Amino acid sequence: MKQIYLNDVVGRDGLQNEDVFVPTDDKIKLINQLSDAGVDKIEVTSFVSPKAVPNLRDAEEVMRGIKRKSDVVYSALVPNMKGAERALDCEVDEINLLVSASNTHNLKNVRRSTDDTFENFKPMMEFLSNKDAAIKGSLGTSFGCPFEGDIPEERVLELIEKYLELGVDGVTLADTTGMATPNHVYNLCKNILKQWPHLDITLHFHNTRGMGLANVMEGIRAGVNSFDASLGGLGGCPFAPGATGNICMEDLAHMLYFMGYEIEADVDKLIGTSKYLQTLVNHELPGQVVKAGKIADLHSVATF
Ligand code: COA
Ligand code: ZN
């Protein structure tokens with residue numbers, strides 16, 4: 001059955017929104033365990049302002065401290081030129097540019113209008129053009145904005161076009177606050193792929209309203225094969241009201257594995273790493289498989 005690529009974002013989306021600063025050495029251990037668990041890509045951190053996101057102020061140390069595997073892509077979120085320079089200094093494999101489809105959310109998130117952010121991307125792309133890092137364009141609030149509400153499809157298509165004119169290698173459509181419904185996901189992805197049949201699309205869902213895994217299935221049905229998820233279901237944007245966790249990596253991997261999709265990640269190792277994560281953040285995580293066990297984990301009748 002079809003191969004699905006899994007990108008873990010706990011190091012960035014997960015830890016950015018926690019009440020506690022996870023010590024650098026623990027972050028490094030977490031990322032190393034995720035590498036061993038066989039996810040295809042890891043968003044390790046973000047090179048943003050340490051005043052805006054203090055939890056990720058150790059981005060350089062984490063990026064340089066991890067043990068890299070040749071078959072894993074190590075990416076980082078980058079909002080501006082300063083972030084691009086910092087990320088390249090640490091030899092990240094992939095840079096994730098950041099802008100929101102909603103102008104209001106973009107102003108909250110990066111303190112610029114969406115148009116100004118795209119203007120700022122031009123010199124960044126020039127700077128990055130002869131470097132080794134791949135460049136992906138992330139489009140926050142693609143499925144709805146907690147301030148503006150609906151984001152029209154034409155707006156998303158227009159901004160994808162802008163990213164492609166800049167020369168990005170692919171786009172990530174992010175549902176920042178879990179507003180996507182499954183039929184919205186299917187229709188939007190179908191229409192995008194009708195316009196750009198070879199576009200490398202990643203879908204990034206938050207499970208804020210319980211629609212995350214249903215959205216993945218509709219993304220797959222529309223032809224997408226790459227998904228962001230966060231170990232334990234941690235995550236959320238500090239600059240969006242009501243933002244909660246991403247879809248949970250081990251729950252996603254478990255579902256896809258038992259449906260017969262090909263995935264590189266090892267579900268048992270993900271569950272083990274999720275248990276380790278719980279000790280770092282010191283609260284219960286939203287993920288479900290870590291609590292219930294896999295569907296193949298049967299119970300003895302005698303002990304029930
Ligand atoms: N890395 C480190 N420091 C940075 C930086 C970066 N990428 N970009 C800006 N800074 C520093 C500047 O050096 C400056 O420092 P100073 O006050 O000591 O002189 C300060 O931040 C302000 O710089 P400025 O260019 O005016 O940025 P800003 O205040 O307009 O903020 C962003 C813009 C994008 C840097 C900031 O809003 C940000 O980092 N947002 C985080 C967004 C995010 O991660 N959201 C969650 C993901 S969805
Ligand atoms: Zn997110």
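Keep in mind that this is a model prediction, so the values were computed, not measured. Numbering of ligands and ligand atoms starts at 1, following listing order.
Side chains of T181 and N183: a donor-acceptor N/O pair is present below 3.5 angstrom, by distance only. Side chains of S102 and T141: no donor on one and acceptor on the other come within 3.5 Å.
A heavy-atom cutoff of 4.0 Å around ligand 1 is satisfied by the protein residues R12, Q16, F47, V48, S49, P50, K51, A52, V53, L77, P79, N80, K82, G83, R86, N109, V110, R111, R112, C237, F239.
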Exercise for the section: May I have the step-by-step check of salt bridge (Lys or Arg N to Asp or Glu O under 4.0 Å) for D228 and K41, ending in yes or no? Expected result: CA-CA 9 Å; D228 285 354; K41 192 187 290 183; over 6 Å; no
Exercise for the section: Show your working on side chain to side chain donor-acceptor pair (under 3.5 Å) between N191 and E153 and close with a plain yes or no. Expected result: CA-CA 9 Å; N191 289 339; E153 182 175 306; 2.9 Å; yes
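Between A253 and L6, the closest heavy-atom pair is CB-CD1, 4.0 Å.
Within the coordination shell of the Zn ion (ligand 2), defined by N, O or S atoms under 2.8 Å, D175 is absent. Taking 2.8 Å as the criterion, H206 counts as a coordinating residue of the Zn ion (ligand 2), since one of its N, O or S atoms falls below it.
Classification of the F121-F118 ring pair by plane angle, with boundaries at 30° and 60°, yields perpendicular.
The nearest N/O/S atom of D13 to the Zn ion (ligand 2) is OD2. With respect to the Zn ion (ligand 2), H204 has NE2 as its nearest N, O or S atom.
A cation-pi geometry, defined here as NZ or CZ lying under 6.0 Å from the six-membered ring centre and within 45° of its normal, does not hold between R86 and F47.
Listed by chain and number, the residues in a salt bridge (charged side-chain N to carboxylate O under 4.0 Å, His left out) with K108 amount to none (sequence neighbours excluded).
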